[in-house]
**Q** 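Would you mind keeping the following structure in view while I ask a few things?
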Amino acid sequence: MAAVFRHLRIILCATKCLPSRCCSGFISRARYMNRLKEDDEACLAALQNGHIFLFHRLSPLLQRTERGTLKPAPLVTSDVQSVLQRLSSDGSLLKRSVLIGCSKQNQALFCLDVGELDQVAVEEQCEGNFMDLRKSLFLLTGAEAHLLAKGKALLRWHQTNRFCSATGQPTHRNQAGSQRVCSSSGIVYYPLMSPVVIVLVSDGKRCLLGRQSSFPRGMYSALAGFCDMGESLEEALCREVAEEVGLELQSISYSSSQHWPFPHSSLMLGCHASVSPAHTQLQVDHTELEDARWFSLEEVTSALKVKTPPSRGDPPILWLPPKQAIAHRLITEWVQSKVQNSEC
Ligand SMILES: NC(=O)C1=CN([C@@H]2O[C@H](COP(=O)(O)OP(=O)(O)OC[C@H]3O[C@@H](n4cnc5c(N)ncnc54)[C@H](O)[C@@H]3O)[C@@H](O)[C@H]2O)C=CC1
Ligand SMILES: [Mg+2]
């Protein structure tokens, strides 16, 4: 592997995409969140005055806006309490809420899965619908999509980590839901994410996009893959590109990262990479990808303008991942860099 990296140019410029933060509020919110994770009583008190995003079997409660987009229905805790009482649920369900964030007004934000209650009854009480996150994510704004993705990932982690993998005994969560402890051995479990690399490869003029057979009709995305145990980011990138399309990378530059709740919980590490224009012949591994192709700047620019996915019977058009996906960001960055270069 060392030989592969001898000629690989790696540029790390991680500071360019920091999320916007308003002055000192960010620091106090970060410290408040940390305290709530460590202090069960403080977390319980915050829950009483917090907002709760409801889920039903991991599908979030959403409401349609007048513009046809979706928004989550964040309910204040007292509203959720009333709904639970009306549906004859005992009060202990509320304590299963999991901390997911803190609003700019310093209100703690929680998520709660009410999967044991009747779905339609909760929907009627809360004037919303529980919808599959994968289908609805793209109709939500960035901040809300992020909170719901985090909520779904944490709720799923709790549902699948109720027992210690060493002793088989039950594990118990802290009030914030940021960890679980084995009742017998004391082993502490923290929520896990799988690192995944995602890369937009360019040969200088074109970019490389691939599609899996499970993708929606016409959709092509940046190449992605799970990191193997022991691999660095750049090792995983080189291996994935070699495996999936048979190319050797020349340079890598880091772009940004994203938490992604599908299929489980991944930390997507987004990069740009280049290959030599003299070595662009693809050898697609069809067990991994249905297709992979080089696309021109013009093709990608027009695809970014397509607003609705192609339907059955429509002529085939290139359809790119939506704004909420890091693949979209990588593709947009590539287009912008090409346009800037042509203007220089
Ligand atoms: N947010 C975004 O813009 C995008 C996100 N993705 C996500 O990236 C992820 C990885 O992409 P793929 O091409 O599917 O990966 P991949 O190329 O590594 O192939 C998936 C296979 O890797 C194996 N694998 C190894 N470690 C695994 C682990 N920890 N969890 C699950 N499977 C593991 C399994 O056999 C699985 O079938 C997908 O979950 C996909 O949802 C993919 C493209 C765009
Ligand atoms: Mg892949």
**Q** Tell me, with the steps shown, if His272 and Leu330 meet side chain to side chain contact (heavy atoms under 4.5 Å, CB included).
**A** CA-CA 7 Å; His272 292 275; Leu330 293 172; 3.7 Å; yes
**Q** Before giving the answer on side chain to side chain contact (heavy atoms under 4.5 Å, CB included), spell out for Val335 and Leu297 the whole-Å C-alpha distance, their side-chain angles and the decisive distance to 0.1 Å.
**A** CA-CA 7 Å; Val335 168; Leu297 179 60; 4.1 Å; yes
**Q** Within the side chain of Gln175, is there an N or O that forms a donor-acceptor pair under 3.5 Å with the backbone of Lys95?
**A** yes
**Q** Looking only at heavy atoms, which two atoms of Ala145 and Gln324 are closest? And how far apart?
**A**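 Closest pair (atom of Ala145, atom of Gln324, distance): CB-CG, 4.2 Å.
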**Q** Check each of Leu148, Val98, Leu147 against Cys111 using the side-chain contact (heavy atoms from CB on, under 4.5 Å) test, and report the only one that passes.
**A** Val98
**Q** Return the set of residues passing salt bridge (Lys or Arg N to Asp or Glu O under 4.0 Å) with Arg96 (not counting sequence neighbours), or none when no residue passes.
**A** Glu116
**Q** Could you pull out all residues at least two apart from Arg86 that satisfy side chain to side chain donor-acceptor pair (under 3.5 Å)?
**A** Gln125
**Q** Heavy-atom count around His172 NE2 within 6.0 Å, excluding the residue itself: above 12?
**A** yes
**Q** Using side-chain contact (heavy atoms from CB on, under 4.5 Å) as the criterion, point out the one residue from Cys207, Ser221, Pro321 that pairs with Ile331.
**A** Pro321
**Q** Just jot down the salt bridge (Lys or Arg N to Asp or Glu O under 4.0 Å) partners of Asp291, sequence neighbours excluded, or say none.
**A**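 For Asp291 the salt bridge (Lys or Arg N to Asp or Glu O under 4.0 Å) partners, ignoring immediate neighbours, are Arg293.
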**Q** Give the other cluster members for Ile187, using side-chain heavy-atom distances under 4.5 Å between Ile, Leu, Val, Met, Phe, Trp and Tyr residues; answer none if it is isolated.
**A** Trp157, Tyr189
**Q** Without swapping roles, check the side chain of Thr171 against the backbone of Asn161 for a donor-acceptor pair under 3.5 Å.
**A** yes
**Q** List in chain and number order the residues that pass side chain to side chain donor-acceptor pair (under 3.5 Å) with His158, two or more places apart in sequence or in another chain; answer none if no residue qualifies.
**A** Arg180
**Q** Checking Arg57 side chain against Gly115 main chain: does a donor-acceptor pair fall under 3.5 Å?
**A**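 Indeed, once roles are kept as given, a pair shorter than 3.5 Å links the two residues.
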**Q** Could you work out the complete set of other residues in the hydrophobic cluster of Val76, with links drawn between I, L, V, M, F, W and Y side chains under 4.5 Å apart?
**A**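 Direct or chained contacts put Val76 with none.
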**Q** Can you confirm whether more than 12 heavy atoms, excluding those of Arg162, are under 6.0 Å from its CZ atom?
**A**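 Atom CZ in Arg162 is not crowded, with 12 or fewer foreign heavy atoms closer than 6.0 Å.
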**Q** Please collect all salt bridge (charged side-chain N to carboxylate O under 4.0 Å, His left out) contacts where either partner lies in residues 277-288, sequence neighbours excluded, each pair once.
**A**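 Pairs touching residues 277-288 that pass the test: none.
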**Q** Which Ile, Leu, Val, Met, Phe, Trp or Tyr residues join Phe163 in one cluster when any pair of side-chain heavy atoms under 4.5 Å counts as a link?
**A**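 Besides Phe163, the cluster holds no residue at all.
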**Q** List the atom of Phe262, the atom of Arg134, and the distance in Å for their closest heavy-atom pair.
**A**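 Heavy-atom minimum between the residues: CB-NH1, 3.3 Å.
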**Q** Please check if the side chain of Asn174 supplies one atom and the backbone of Ser178 the other of a donor-acceptor pair under 3.5 Å.
**A**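 It does hold such a pair.
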**Q** Quick one: hydrophobic cluster around Leu87, which other residues, with the 4.5 Å side-chain cut-off, linked directly or via members?
**A** Tyr32, Met33, Leu36, Leu44, Leu47, Ile52, Leu54, Leu61, Leu75, Val80, Val83, Leu84, Leu93, Leu94, Leu99, Phe110, Leu112, Val114, Leu117, Val122, Phe130
**Q** Looking only at atom types and distance, does a side-chain atom of Ser266 sit under 3.5 Å from a main-chain N or O of Met268, one as donor and one as acceptor?
**A** no
**Q** Only distances under 3.5 Å count here; give the side-chain donor-acceptor pairs of residues 194-203 to other protein atoms, sequence neighbours excluded, each with its distance to 0.1 Å.
**A**
{"residue": "Ser202", "atom": "OG", "partner": "Gly204", "partner atom": "N", "Å": "2.9"}
{"residue": "Ser202", "atom": "OG", "partner": "Arg206", "partner atom": "O", "Å": "3.1"}
{"residue": "Ser202", "atom": "OG", "partner": "Trp334", "partner atom": "NE1", "Å": "3.2"}
{"residue": "Asp203", "atom": "OD1", "partner": "Lys205", "partner atom": "N", "Å": "3.0"}
{"residue": "Asp203", "atom": "OD1", "partner": "Arg206", "partner atom": "N", "Å": "2.7"}
{"residue": "Asp203", "atom": "OD2", "partner": "Arg206", "partner atom": "NE", "Å": "3.0"}
{"residue": "Asp203", "atom": "OD2", "partner": "Arg206", "partner atom": "NH2", "Å": "2.8"}

**Q** By salt bridge (Lys or Arg N to Asp or Glu O under 4.0 Å), which residues pair with Glu123, not counting sequence neighbours?
**A** none
**Q** Can you list everything that forms a salt bridge (Lys or Arg N to Asp or Glu O under 4.0 Å) with Arg156? Sequence neighbours excluded, please.
**A**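 With neighbours one apart ignored, the set is empty.
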